[in-house]
Amino acid sequence: MYALVDGNNFYVSCERVFQPALNGVPVVVLSNNDGCAIARSNEAKALGIAMGAPWFQIKHLEASAGLVALSANFGFYGDMSDRMMRLAAALGPRQEIYSIDESFIDLAGVRGDLVERAHTIRSRILQGTGIPCGIGMGRTKTLAKLANHIAKTAERKPGSYPEALAQVCNLEALQAAEQEAVFAATPVGEVWGVGRQIGKRLVAGGIHTVLDLQRMDLATVRRQFSVVLERTVLELQGTPCIELEHMPQAKKEIACTRSFGRAITTLEPLSEAVTEFASRAAEKLRRQHGLANQVLVYIRTSPFRKDDRQYSRSVTVPLRRPSADTAVLVQSALRGLGSIFVEGFRYAKAGVMLLDLQSNRLQQGELDLEDDRMEDRSRLMLAMDTLNQRFGKGKVHLASAGLQGNHKQWTMRQERRTPGYTTSWADIPIARA
DNA sequence: TCTGGGGTCCTAGGACCC
DNA sequence: TCTGGGGTCCTAGGACCC
């Protein structure tokens, strides 16, 4: 048995903790560049705002419907997430932190009334962090996800499901007929692993609900779709195929990519951006004690600007030896950039990815005379990381990232940023009696 | 004017080998 | 008259997730 604990409208809920005036108001949190809505309050959903809706298309709701939009404050959300995860962990013996607002809990060996226990944990999270969440439980991770969706929908849209399933839903506690009714009332696209494309194909084939999918013939699913969807059907039928990942796995690739605040046409600001992206990626790589064997860099124009001539290219630069050295990674990325940059386009986005990662504990011994120099380099990297951690991101960086004070042409827009309530001493809220 | 960022897994097809 | 079969590795692209 598994549970899935999931914060409701997570980023919006975080903001509401410190701005209670936002309760009951339609609120969205915007992606980087204030580009599109990535979290919506229930009131915003009720206004018909879709996930990922571009801000410029819904901006008029500010005036007409009192919509409030905030720039994403990921540092703050990450801190709230840690607090929530620590409380959620008490639900069972093992926890997998699946995303910033979701964790799976293995319920093996947990005794007593699971629904009651889940309600207790839910209250503790609400009291301890101010974040409301939904808890779903089932025999497999896919069923737990589904139960979570049912719990949240039952709360948000009374009448959609039995009232008793609101906030906490344990599918195992339902009678067979009740479970069938609930599955028959849930569109197939809500299943974990069924996205837009597969959902469309399923519906075209007459599979409309979770119940339809659960009853599909496995061989047919495999033949017409893939082993991946077959696994999903097995999980819906109660056969576990996806294990709980108790320990966080080392990343297999690390990316840092950004859209620019406005279009870039020349090489110099692109070089600055690529330097910074490679530096950020290198920091992440060192944090997981990894080394990269290849660096990929890409640049592209905006596919949304139909009138612009389009260009999109990437190149992979192999490294002479595995490395986590910012200077090595930046140089490789810049060399790659030089090979794909073409004048005459309006660039909207660039990115650096570190690929073919390995652990630095497995480093191949090398017969060369540079060992001392390499030692010095890794001490330099450690010093840089420590300084940046202590005094703030990017305080120490390579000169090609652009000197501070220079106004960077490519930085993103963030016009509605809220304070770092729990992550910055200067921003700590003050309580008044 | 204006549309995010960071991941994983699977598959098909080509290159290459014996 | 008339040119095999099978395996592995790599890459690009597509689908999914939050």
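Each chain gets a letter, A, B and so on, in the order the sequences are listed, and its residues count up from 1.
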Residue [X], side-chain heavy atoms: nucleotide from [options] that is nearest:
X       : options                  : answer
R196(A) : dG6(B), dG5(B), dC16(C)  : dC16(C)
C36(A)  : dG4(B), dG7(B), dC16(C)  : dG4(B)
N32(A)  : dC10(B), dG4(B), dG6(B)  : dG4(B)
I198(A) : dC16(C), dG7(B), dC18(C) : dC16(C)
P54(A)  : dT3(B), dT1(B), dG6(B)   : dT3(B)
K349(A) : dG5(B), dC9(B), dG6(B)   : dG5(B)
V228(A) : dC17(C), dC10(B), dT3(B) : dC10(B)
F56(A)  : dG5(B), dT1(B), dT3(B)   : dT3(B)

Taking only side-chain N and O atoms of [X], does any of them lie within less than 4.0 angstrom of OP1 or OP2 on [N]?
X       : N       : result
R262(A) : dC2(B)  : no
R258(A) : dG6(B)  : yes
K252(A) : dC9(B)  : yes
S31(A)  : dG5(B)  : no
K145(A) : dC18(C) : yes
T257(A) : dG4(B)  : no

Whole Å only: how far is the [atom1] atom of [X] from the [atom2] atom of [N]?
X       : N       : atom1 : atom2 : answer
I38(A)  : dG5(B)  : CD1   : C1'   : 9 Å
L355(A) : dA12(C) : CG    : P     : 10 Å
E62(A)  : dC2(B)  : CD    : P     : 18 Å
W192(A) : dG7(B)  : CH2   : P     : 18 Å
Q288(A) : dG7(B)  : CD    : P     : 9 Å
E102(A) : dG7(B)  : CD    : P     : 17 Å
Y98(A)  : dG6(B)  : OH    : P     : 17 Å
E415(A) : dC2(B)  : CD    : P     : 13 Å

Quiz item: Quick one: do the T301(A) and D308(A) side chains pair a donor with an acceptor below 3.5 Å?
Solution: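 No, because no side-chain N or O of T301(A) sits under 3.5 Å from a partner of the opposite role on D308(A).
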Quiz item: Regarding S41(A) and N9(A), is there a side-chain donor-to-acceptor distance under 3.5 Å anywhere?
Solution: no
Practice problem: Compute the centroid of each ring, for Y98(A) and then for F104(A), and state whether the two points are separated by less than 6.0 Å. | Solution: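 For Y98(A) and F104(A), the ring centres are under 6.0 Å apart.
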Touch check for [X], heavy atoms < 4.0 angstrom, all strands: base, sugar-phosphate only, or nothing?
X       : answer
D101(A) : sugar-phosphate
R201(A) : nothing
V191(A) : sugar-phosphate
I254(A) : sugar-phosphate
E253(A) : base

Quiz prompt | Electrostatic pair E276(A)-R280(A), nearest N-O below 4.0 angstrom | solution = yes
Quiz item: Does the pair R286(A)/E283(A) count as a salt bridge with the N-to-O cut at 4.0 Å?
Solution: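 Answer for the salt bridge query: no.
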Quiz prompt | Side chain T326(A), main chain S279(A), donor-acceptor under 3.5 Å | solution = no
Quiz item: Would a distance-only check, ignoring hydrogens and angles, find a side-chain to backbone donor-acceptor pair under 3.5 Å from D217(A) to T220(A)?
Solution: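 Yes, because the side chain of D217(A) sits within donor-acceptor range (under 3.5 Å) of the backbone of T220(A).
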Quiz item: Which base, if any, makes a Watson-Crick or G-U wobble pair with dC18(B), both distances under 3.5 Å?
Solution: dG5(C)
Quiz item: Relative to the 5' end of DNA chain B, which residue comes earlier, V227(A) or C256(A), by the nucleotide with the nearest heavy atom?
Solution: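 Closest to the 5' end, via its nearest nucleotide, is C256(A).
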Quiz item: DNA chain B: S226(A) or N33(A), which has the more 5' nearest nucleotide?
Solution: N33(A)
Quiz item: What interatomic distance, in whole Å, is found between P of dC18(C) and the corresponding atom of dT3(B)?
Solution: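 Pairwise P distance, dT3(B) against dC18(C), rounds to 25 Å.
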